[in-house]
Amino acid sequence: GNSVTQMEGPVTLSEEAFLTINCTYTATGYPSLFWYVQYPGEGLQLLLKATKADDKGSNKGFEATYRKETTSFHLEKGSVQVSDSAVYFCALSDLSPGNKLVFGAGTILRVKS
Amino acid sequence: GAVVSQHPSRVICKSGTSVKIECRSLDFQATTMFWYRQFPKQSLMLMATSNEGSKATYEQGVEKDKFLINHASLTLSTLTVTSAHPEDSSFYICSASHPPRVEQYFGPGTRLTVT
């Protein structure tokens with residue numbers, strides 16, 4: 001079946017450090033890929049998405065490239081801020097009727113000033 | 001655009017009572033809405049998928065008679081937790097989608113505590 005694997009956290013960085021959160025997936029067909037962010041006590045916000053191979057999603061300084069050959073969608077940011085502290089979820093849309101999402105376990109990011 | 005609201009944000013109820021949670025898409029018509037449950041420090045667990053005007057499709061292991069879902073209009077879905085027990089305490093999150101877009105838009109969540 002379809003699945004998403006994320007690097008385990010928590011990831012702790014100093015402000016202005018480079019961020020990478022690894023995400024790999026297993027899927028049949030060509031799923032769409034997403035990164036969602038969850039701040040404490042809140043729902044999920046869509047951070048970025050990519051719908052086909054080699055697409056790069058980007059938003060608020062975050063980027064991720066859909067790599068079909070390595071089945072990966074790693075999240076990167078060149079310079080993190082304290083306000084980026086949150087839980088980040090990688091997900092794929094399995095293209096089933098209604099487009100159900102399959103989530104990774106989530107990665108906690110803590111940024112220290 | 002693509003704003004989803006949930007009400008209430010927090011609710012405390014006594015064991016044995018029922019609680020209704022509303023999920024609304026504020027600026028778009030949601031043909032499909034999803035209900036998730038999230039335990040502390042864990043990922044989201046899909047409970048059910050609901051399409052406007054039809055019965056919800058529940059994931060394996062989710063009791064349909066306990067978690068009643070109604071999707072009466074293109075902007076409103078409700079989840080009713082019937083005869084709630086302390087083990088039903090959790091963070092419940094809804095989301096909505098609007099084809100042809102593939103992404104889901106999430107509500108802010110509802111913290112349910114059953115005493």
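So that the names make sense, note that chain A is the first sequence line, chain B the second, and so on, each numbered from 1.
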Checking A:Tyr36 against chain B: side chain, backbone, both or neither under 4.5 Å from a heavy atom? side chain
Indicate yes or no for a side-chain donor-acceptor contact from B:Thr49 to the backbone of B:Phe34 under 3.5 Å, with no hydrogens or angles considered. no
Are the side chain of A:Tyr30 and the backbone of A:Lys68 linked by a donor-acceptor contact shorter than 3.5 Å? no
Could you look at A:Gln38 and say if it's the side chain, the backbone, both or neither that has a heavy atom under 4.5 Å from chain B? side chain
Across all chains, not counting sequence neighbours, the side-chain hydrogen bond (donor to acceptor under 3.5 Å, both in side chains) partners of B:Glu103 are A:Lys49, B:Tyr105
Of the backbone (N, CA, C, O) and the side chain (C-beta and beyond), which part of A:Leu44 lies under 4.5 Å from a heavy atom of chain B, both, or neither? both
Check: residues 81-94 of chain B side-chain donor-acceptor pairs under 3.5 Å, at least two apart:
unit_1  : atom_1 : unit_2   : atom_2 : d
B:Thr82 : OG1    : B:Asp65  : O      : 3.2
B:Thr82 : OG1    : B:Lys66  : O      : 3.1
B:His85 : ND1    : B:Ser15  : OG     : 3.4
B:His85 : NE2    : B:Ser83  : O      : 3.4
B:Asp88 : OD2    : B:Lys66  : NZ     : 2.9
B:Asp88 : OD2    : B:His85  : N      : 2.8
B:Ser89 : OG     : B:Pro86  : O      : 2.9
B:Ser89 : OG     : B:Val114 : N      : 2.9
B:Ser90 : OG     : B:Arg37  : NE     : 3.3
B:Ser90 : OG     : B:Gln38  : O      : 3.1
B:Tyr92 : OH     : B:Asp88  : O      : 2.7

If you tally heavy-atom pairs under 4.5 Å between each of A:Gly41, A:Ser32, A:Gly43 and chain B, the highest tally belongs to A:Gly43
